[in-house]
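Worksheet: one structure, shown below.
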Amino acid sequence: MSTATNTVTPTEGAQAAARIPGKTKGGHHHWWLRPRFMISGSIVLLVILMAAFPQIFTGFGPGPTENCDILNSNLPPSAQHPFGMDVQGCDYYTNVIYGARASILVGIVVSLIAFAIAAAVGAIAGYFGGWIDAVISRICDMAFGLPFILAAIVVLQLFGQRNVWTVIFALALFSWPGGVRFMRSSVLEVRNREYVQAARLLGASNSRIIRKHIVPNAITPLLVLQTLGVGGMISAEAGLTFIGIGLTPPAVSWGLQLAAARDYIDAAPHLLIFPAVFLTVTVLGFVLFGEAMRDEFDPKGK
């Protein structure tokens, strides 16, 4: 891709540089007060606080594997134990609260890693074009040829003991190609705009143009996409763990709780109901939050 242009004079370049897009005064006025954003944002904030500080929600009481009594195994919900007891005779409410940490950590960290890779690689592919774009696009095509969950299963089977970071590694390894294409498409829209041409004419390096002008003005659709993807990553972790490929004990997660509840659906349905409700509400909250952001900041992405 040629970095020279004969369509912008130095005077016009200086004027265009001064018009580089920034935050428009009054834009997105009070968007955070809209009902869908407030409701979904409240759910997201609540589950993040639950994952970060579970002790607050359990009254700073015993941990999920403390004060257990096997004689109380699978007891139904009661006034003292609102979620009942689990198979080991531990308070199930405490277990469900602590289960948020692994699930939320996997969803957010995988999405952040995918976001960082997609932003950098997609910006390079879209800005330089040519053989660089072709090579990156072919790598993405090969990655798309692998079913996401199947590829993650193959990687996770290589580990005997699987913790949160193992699952994060397996999911992050295959979660970035879609974001690369999204970012590349956004960069193609902005790379020939007037302020980019002005920056080139004024002698800015390619790295500075990408960092200062391309990425800030092309990143919003990718940010929205990855926000929507957090819920999908949480579901993926729960699904992999449910079939015995994801997290393994002594980890505590909603997926492990759902897997343990399979053999007790008739005798102790509360073991299935409570983690399933928490998982569903969390995924729904992140999806609605992402959609609210998309409608506000990327309406063309609908």
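Source: prediction; values computed, not measured.
- You'll find the ring centres of F83 and Y93 inside the 6.0 Å limit.
- Scored by the side chain to side chain contact (heavy atoms under 4.5 Å, CB included) test, I132 finds I124, F128, I136 as partners (sequence neighbours excluded).
- Between C90 and N95, some side-chain heavy-atom pair lies under the 4.5 Å cut-off.
- At distances below 3.5 Å, not a single donor-acceptor pair connects side-chain atoms of T58 with backbone N or O atoms of T94.
- Here Y98 sits in one hydrophobic cluster together with V252; the rule is ILVMFWY side chains under 4.5 Å apart, joined directly or through other members.
- Here side chain to side chain donor-acceptor pair (under 3.5 Å) pairs that include residues 263-285, with residues two or more places apart or in two chains, number zero.
- With a 4.5 Å cut-off on side-chain heavy atoms, V190 and Y195 count as touching.
- Contact between A51 and R101 at its shortest, heavy atoms only, is O-NE, 2.9 Å.
- Residues satisfying the salt bridge (charged side-chain N to carboxylate O under 4.0 Å, His left out) criterion with R262, sequence neighbours excluded, are absent altogether.
- Sorted by first then second residue, the side chain to side chain donor-acceptor pair (under 3.5 Å) pairs that include residues 150-177, not counting sequence neighbours, are Q161-T248, N163-T166.
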| Candidate pair Q257 and F274, rule side chain to side chain contact (heavy atoms under 4.5 Å, CB included), full reasoning | CA-CA 9 Å; Q257 291 161 3; F274 291 114; over 6 Å; no
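- Between atom OG of residue S253 and atom CZ of residue F242 there is a gap of 12.0 Å, rounded to the nearest 0.5 Å.
- In this structure, M85 belongs to a hydrophobic cluster whose other members, linked by side-chain heavy atoms under 4.5 Å apart, are L75.
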